[in-house]
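Structure record follows, encoded as structure tokens.
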Amino acid sequence: MKRQFTVATLASCLALGLATSAQAKETLDVVTDPSFVPFEMMDQDSGQMVGFDMDIVAEVAKRAGFDYNLRTMDFNGIIPAVQTGNVDIAIAGITITDERAEIVDFSDPYYDSGLRLLVNADDDSIQSIEDLEGKSVGTKIGSTSYDYLQEHLGDNADITPYPGSSDMYMALLGGSVDAVFYDAPNVGYFSQTQGEGRAKVVGPLYEGQQYGIVLVKGSDWVEPVNEALASMKEDGTYDEIHTKWFGSASGE
């Protein structure tokens, strides 16, 4: 009887151990840009990254079934970091493009965006991209806004790429550039916060874009991430997060 009890106990422990291993979550490395407000930014009180993207990835991780370690880096290094497998996932208001999709995988789109112009509040000379000819414009290194400026203006304007969005906004307010051209939600957020009364958004929305979560090419996590995003939209969680950071439900 003693031997039977011992064998049964060992079998039970083995089964429990296997079940525990099966339930253990994989820990992924997630990277973001520390300065793309209100999508991702450092909370000075807590020292933690907060923002729309941070809430999105936290909810996606919970539903897809993985834990994650979050780190930050300059936007220009994010796609290469995923491409080389140094990180597993990136979320940083990253526009889905055919060129990028050749070297990394994207989730389904989770945010609709575009590009907008920002100028000083007292400047009425710039109303469109065409008005930037012969002028200086700031944008962000590695961004689709930089690519757009190069394609449409080339040498007809002084295009200055900055490492962080705060750098280009300070350049505008300080008179180093005549305008800033960048992602619409970030430009709009700045104009209503630090730039209120000092800068204004002008012109149309350029090049409608969609943001996606970036994963290593061939990643097994693409489908679980897409399923998580879909369920968030279906049950209203996505709209709750959107309202928290942008003041209105998505689509309004």
Side-chain angles (χ1 to χ4, degrees), residues 33 35-41 52-53 74-79 92-102 106 109-212 214 245-248 250-252:
D33 174 355
S35 62
F36 186 51
V37 295
F39 288 81
E40 37 267 332
M41 52 192 168
F52 177 75
D53 278 350
D74 288 343
F75 185 83
N76 199 39
I78 287 179
I79 295 295
I94 302 171
T95 301
I96 300 171
T97 68
D98 292 339
E99 182 180 9
R100 288 172 175 169
E102 292 178 0
F106 279 97
Y110 71 93
Y111 189 89
D112 294 330
S113 182
L115 306 174
R116 296 297 296 267
L117 269 172
L118 186 76
V119 299
N120 284 303
D122 59 355
D123 187 352
D124 295 325
S125 66
I126 299 174
Q127 297 294 326
S128 68
I129 286 290
E130 291 72 25
D131 296 329
L132 291 176
E133 291 191 12
K135 297 183 181 293
S136 57
V137 55
T139 190
K140 195 167 184 177
I141 293 174
S143 65
T144 53
S145 51
Y146 176 77
D147 296 336
Y148 188 94
L149 289 172
Q150 289 286 356
E151 179 181 350
H152 290 82
L153 290 175
D155 296 332
N156 294 323
D158 180 11
I159 304 168
T160 303
Y162 289 90
S165 55
S166 60
D167 300 317
M168 62 187 182
Y169 292 135
M170 292 306 104
L172 173 67
L173 298 180
S176 297
V177 296
D178 299 307
V180 161
F181 188 63
Y182 192 46
D183 292 43
N186 189 252
V187 167
Y189 185 84
F190 178 81
S191 70
Q192 296 171 25
T193 53
Q194 296 101 314
E196 185 176 9
R198 299 191 291 168
K200 61 183 178 181
V201 179
V202 296
L205 180 70
Y206 291 92
E207 196 175 58
Q209 303 172 334
Q210 293 180 309
Y211 295 162
V214 180
W245 292 103
F246 299 103
S248 63
S250 59
E252 290 185 356

Might you point out which heavy atoms bring [X] and [Y] nearest each other, and give the distance in Å?
X    : Y    : value
A92  : I78  : CB-CD1, 3.8 Å
I94  : V214 : CD1-CG2, 3.6 Å
S165 : S35  : OG-O, 2.5 Å
P161 : I159 : CD-O, 3.6 Å
Y162 : A171 : OH-CB, 3.3 Å
F36  : G93  : CE2-CA, 3.7 Å

Side chains of Q209 and T144, donor plus acceptor under 3.5 Å: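 Yes - a donor-acceptor pair under 3.5 Å links their side chains.
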Distance-only side-chain donor-acceptor flag, E99 / T97, under 3.5 Å: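 There is no such pair (donor and acceptor under 3.5 Å, judged by atom type) between the side chains of E99 and T97.
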Does [X] reach the main-chain N or O of [Y] with its side chain, forming a donor-acceptor pair under 3.5 Å?
X    : Y    : answer
D123 : N120 : no
Y206 : I129 : yes
R198 : A121 : no

[Y] and [X], any side-chain heavy atoms less than 4.5 Å apart:
X    : Y    : result
L115 : T139 : no
D74  : I141 : no
D124 : K200 : yes
M168 : V177 : no
S125 : K135 : yes
E207 : T95  : no
I126 : V137 : no

Side chains of residues 178-191: which donor-acceptor pairs under 3.5 Å do they make with residues two or more places apart or in other chains?
{"residue": "D178", "atom": "OD2", "partner": "S136", "partner atom": "N", "Å": "2.9"}
{"residue": "D178", "atom": "OD2", "partner": "S136", "partner atom": "OG", "Å": "3.1"}
{"residue": "D183", "atom": "OD2", "partner": "Y211", "partner atom": "OH", "Å": "2.5"}
{"residue": "N186", "atom": "OD1", "partner": "Y169", "partner atom": "OH", "Å": "2.7"}
{"residue": "N186", "atom": "ND2", "partner": "V37", "partner atom": "O", "Å": "2.4"}
{"residue": "S191", "atom": "OG", "partner": "G188", "partner atom": "O", "Å": "2.8"}

Pair K140-D33, salt bridge (Lys or Arg N to Asp or Glu O under 4.0 Å): steps then yes or no: CA-CA 12 Å; K140 195 167 184 177; D33 174 355; 2.4 Å; yes
Steps toward side chain to side chain contact (heavy atoms under 4.5 Å, CB included) verdict (L117, D131): CA-CA 11 Å; L117 269 172; D131 296 329; over 6 Å; no
